[in-house]
Structure formats: structure tokens, C-alpha cells
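Only a predicted model underlies this, so the values are computations on that prediction, with no experimental measurement involved.
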Amino acid sequence: MSSGRNKSRVPRTVDLEVQRELIRLLYGSPSVPLISGVVTLVTAGVLWRIFPFWISLSWLIVSLCTVFARLILWSRFNKRGPDTGGMDQWGRRFTLTTALTGCLWGVLASTTFVTPEAIYYLFAAFVVAGLCAGAAIRLSPHPPALYAYIGTSAPPMVFALFMQDHLISFAMGGLLLTFIVVMILVGRENYQRLTDYIRMKIVQEVLNADLHKVTLDLKDQIAEKRRRESDLTTIAKLSDMLRSCGTITEAYPIIADSAATLFPMASGSLAIVSEETRELVRVAAWGRNPSRSLPRFQQEDCQALQADREYESNGSALAVKCRHLIAADGKPCLCLPLKEHGKTRGLVSLIAAEGSAFDDAVRQLLRSLAEVVKLSLANLQLRASLAEQAFRDPLTGLYNRRYLMETLPREVRRAQRRSAPLTIAMADIDHFKRFNDLYGHDAGDLVLAELAVQFGGALRAEDVACRYGGEEFLFLLPDCDATAAYRRMTDISLMIRNRSNVLRGKTLPNTTLSIGLAALSDTLSTSESLITAADEAMYAAKRMGRDRVESFETSSPESLRFSS
């Protein structure tokens, strides 16, 4: 097989594919030059009185020519198809056109600022600030284009404002400079997120291609070596079954069943490296005595992991044994590390039956099994990471609203089938906008992240905490009635109220929560009605003075009230 040869080229290939995909995103839509053309016409119509007619007309013609050039560039790129070559050149061309566009807007805006009429200040700042904000998102797949646009459009404006002998000009220049920095940071953060996400997708595709190639190689071996037809067919089927698994835990019993078929006279196990402790955890075992491998062990307990290669013991008294294979009783043992892209992911171990030994066919069969297992597990782990990323809020690490919308209806139906209680709680940080205005968004982000940590420590394992939006959180409390939920939310409210946060050595004011509860009932029988009721109860808590817990109660469909 060629997996060893591919290992050295995969990182470079992945980097190239990430770059190609980012450039494709850059050329994905002609909306930016089209919007720029519309804004150019509107701006020329509003500001034509400031300049002589020939100057206004010249600027308008050059600007529209630039827009037209960018549209031609976009059209040429998309006509080349998905295999467009020379991505560096396309990136430089796009950067050049955005730099020219930014220069035109920067010259116009900075010239506008020398006029005596303040209304034009506001108009020019609004137009260019809006274009810079849009550029931070649209141009973030290619930082040179982002920096070229902001660098040519904004600095002339800042310079023009600082050159004027007015306090308001200095203030506007400072605000605009701050805005530039924020846009650059937003663009860089968006670029990093795009890069990480695309890289994960491409690596998954590479793994799928490698896995597909392994499957094809195995099928070729079936044609060449009829003697091993049954074993190779089993591995090929295993590959197909692992590709259809929804989670990595579903794969373990499938691997164990297939290994038991492949090695009917031997015992074996599969251990996976724990990301938290770096120790190996046995996740699957097969054979007549599957308990011959320790359930948890260190990498130093295996000779194969220490040597970073396949290790075989003939079972003699003089042979060096692996400590994780207990009660081997002098039987031959074979250990094979599972390595993917230079990273050890696990270990496959095999203990021969009494009076038997390993031959080349068994060794090759174990290697083929290990190849399919390591690629399949890596693929499943990447799939799980992508799914987790889609359902997690990046700042707090809590589940997001999308996850809640998928989970809550399912929990409502489950509670109704079991006639079990279910309560949801809506929590909102009191005066959070004022807090952000006074102490800055860094402090606000710190409070949100710390609250998420506190929620995680206070809730049960089966509870679900979601960031519902902004400073709002929603808690899903299965098997918990309104009374128990009230006590739990009261305890959480007290805990949050008494906890202080420190940012750069400065103690921030304590945070309080307004919380609303809604319990599943005949009246509140859908996820939508529960969320609406909890939201109303939360706003009732705010009206009654904040920093409190209110319950939405329904004594009858016509009588609704709140209870604290």
C-alpha cells in the first residue's frame, strides 16, 4: 500500500487546498464590486456639489472602471472552472483591484473632510466605514486583500481628520482609527475560523480518499490472493460499515466482531489514546479471553509504543513482554500502533492461541485491519469535531440555539411519553449592555465565559445549558419539576451574585441574573409554548426588580400568572 508514501505529502497538499478554497471564497460572489458600483453612483449624486464637475466626473469614471475591472476579474476566474491554477496570482490580482478601490474611496473621503459643511463629514464616514465593515467579512478569506483595502481607504481619512484644527476632527479621527483596528481584528478572527474549518473538511476528505484507496487496495488483493479471499472480504465490509457509523462508539463493537472473525483462534484488543490523560483505554476486545489486556495503561507499558513500530514477542521466557498484556502465559503476542499523520491514535494487540504462532499471513492481516481501523476512527473523530463545532458557541463553549431547536422538541416528546416532568429556564444577565459600555467588550466576554463555567459546575450531567443569544441563556432540565427547578435556579442565581471576576488585575462588579421558569403541562405542551412562557417569566422577573427567579404558572387556559 502507499499510505507511507502519502504521509509526507498530505500536510503540504492540505495547505495548498486550504489556500485554493480561501481564494475560491474570495471570488465566490460579485456582490462586493456590484454594491461598490451602486454606492459609487449614490455618492457621486450626493457629493457632486463639493467638487468641480470635471473632477467629480473623473472620479466617477475611474471608480466605475475599477468596478468593471473587478467584475471582469471575477468572470474570468469563474470561467476557468473548479481547477483554476495559479491561485497566488489570482489572489494578487484581487488584492491589487481592492487596493485601487480602497485608494479611490480613501481619496474621496479624505478630500470630503476638508469641506466646511459637516453633513459631508458624516456621509463620507458612513459610506467608507460601511465599506470597511463589509470588507472585513467579505475579504477575510485573503488577509492581503483585506489589509490592502483598509490600508488604502482608511488612513487617508484619518490623516485628513488629524490635520484639521478642530477637536471634533481629532475625535472622529480617533474613533475611525479604533474602528480600523476592530475591523482588522474581526477580519483576522474570521480568517482563522475559515482556515480551521476548511482545513478540517479537507483533512476529512483526504482521510476519506485514503480510506477509499485502502478499500480498493484490499479488493485488488482479493483478486490476486484467492487464498485470503474470505479475510479480505471481511475487512472490506468492515471498511464500508465503519464509514456508515454515526459515532465513534458505534464503531467499537463492529471492529471487535470483525476481528473475532478474522482471528478466530486468537484473543485481541483495541485501545485508544485518551486526549485528556494520554493513557490508552481499551474500547474493544475479542477472542476466548478478552480480559488479557488491561482496561487502562500507559504508553510505557507497551514495547510497540515505546519503539514506535510493530512489536512481536515469541512468548519465550527470555522475550521482553508488554506489561499491558496480562496473563499471556508465554503465548506469542503482536502489538501494532495505530498512527495517522505522525500521531499515535491507538494500539491493536493480538495474543496467539495455545500452541500456535504468527505467520506472515496473520501479520499482514493485522496490518490491513489496523490500516482500516486507524483511518476510519480518524474520519469519525473529525466528523464529530465538525458536528461539535456546528452546535457549540465559540465564546462560552455552551450549546447554541441551533442545538436547542433540535433537542428541545425531542425532550418534550420523551417526557410526554414517560409522563415525566420537564422544565426549562430562561436567564438574562441584568444590565449587561450598560456593563459592556462601562467596562468594554473584553470584560463582557469574560463574564459570559465565566458564567458558562459556573453553569457547568452547578447543573446535572443530563441538564443542557445553551447560549440562547447575546446575554441570554436557556437551561433544559429533564426529570425536574417546577419546584425543584426553582430551587436549583435560585442556588445558581445566588452563586453568580456572590462571584467576582477579575480582568487585568481589576475586579469587575458582580453579575446578577433574571430567570424565568416554565414547566411542561397540558397547556404548555410544545417546545414553542415553553420557550415563550419562560421568556415571559424572565421579563416578569426584570419588571419586578431583577436578580430574581419567576415561574410561569397556568392554573387554567384563561388564567396565567407569575409566581416567585
Side-chain angles (χ1 to χ4, degrees), residues 22-81 84 86-113 115 120-160 176 179-180 183-184 186-187 190-191:
L22 288 171
I23 295 296
R24 288 192 185 98
L25 287 176
L26 202 65
Y27 283 91
S29 170
S31 57
V32 172
L34 288 174
I35 293 174
S36 182
V38 173
V39 175
T40 298
L41 294 173
V42 173
T43 304
V46 174
L47 301 180
W48 67 271
R49 300 183 199 177
I50 301 178
F51 310 107
F53 176 78
W54 68 271
I55 294 180
S56 301
L57 182 61
S58 299
W59 177 86
L60 178 61
I61 292 173
V62 174
S63 298
L64 292 178
C65 287
T66 305
V67 171
F68 186 64
R70 293 181 67 181
L71 290 173
I72 292 176
L73 185 64
W74 170 83
S75 177
R76 289 181 59 191
F77 178 89
N78 284 275
K79 284 182 179 178
R80 297 292 180 90
T84 303
M87 284 296 184
D88 285 334
Q89 294 183 0
W90 288 107
R92 286 193 292 269
R93 293 169 186 169
F94 197 98
T95 300
L96 180 62
T97 58
T98 54
L100 182 57
T101 303
C103 184
L104 289 170
W105 283 109
V107 169
L108 174 67
S110 59
T111 308
T112 305
F113 285 151
T115 62
Y120 292 113
Y121 283 41
L122 180 60
F123 182 82
F126 173 79
V127 170
V128 178
L131 293 173
C132 288
I137 302 302
R138 184 65 185 86
L139 302 179
S140 57
H142 191 58
L146 172 66
Y147 300 150
Y149 186 87
I150 295 181
T152 54
S153 63
M157 300 166 53
V158 176
F159 179 80
L176 188 56
F179 180 77
I180 296 170
M183 288 301 100
I184 291 175
V186 169
N190 197 45
Y191 167 75

Those residues that, when tested against L71, pass side-chain contact (heavy atoms from CB on, under 4.5 Å) (two or more places apart):
P30, P33, L34, V67
Passes side-chain contact (heavy atoms from CB on, under 4.5 Å), L73 versus W90? Steps please.
CA-CA 9 Å; L73 185 64; W90 288 107; 3.6 Å; yes
T98 side chain to Y149 main-chain N or O, any donor-acceptor pair under 3.5 Å?
no
Pairwise distance CG(L146) to OG1(T95) - rounded to 0.5 angstrom
10.0 Å
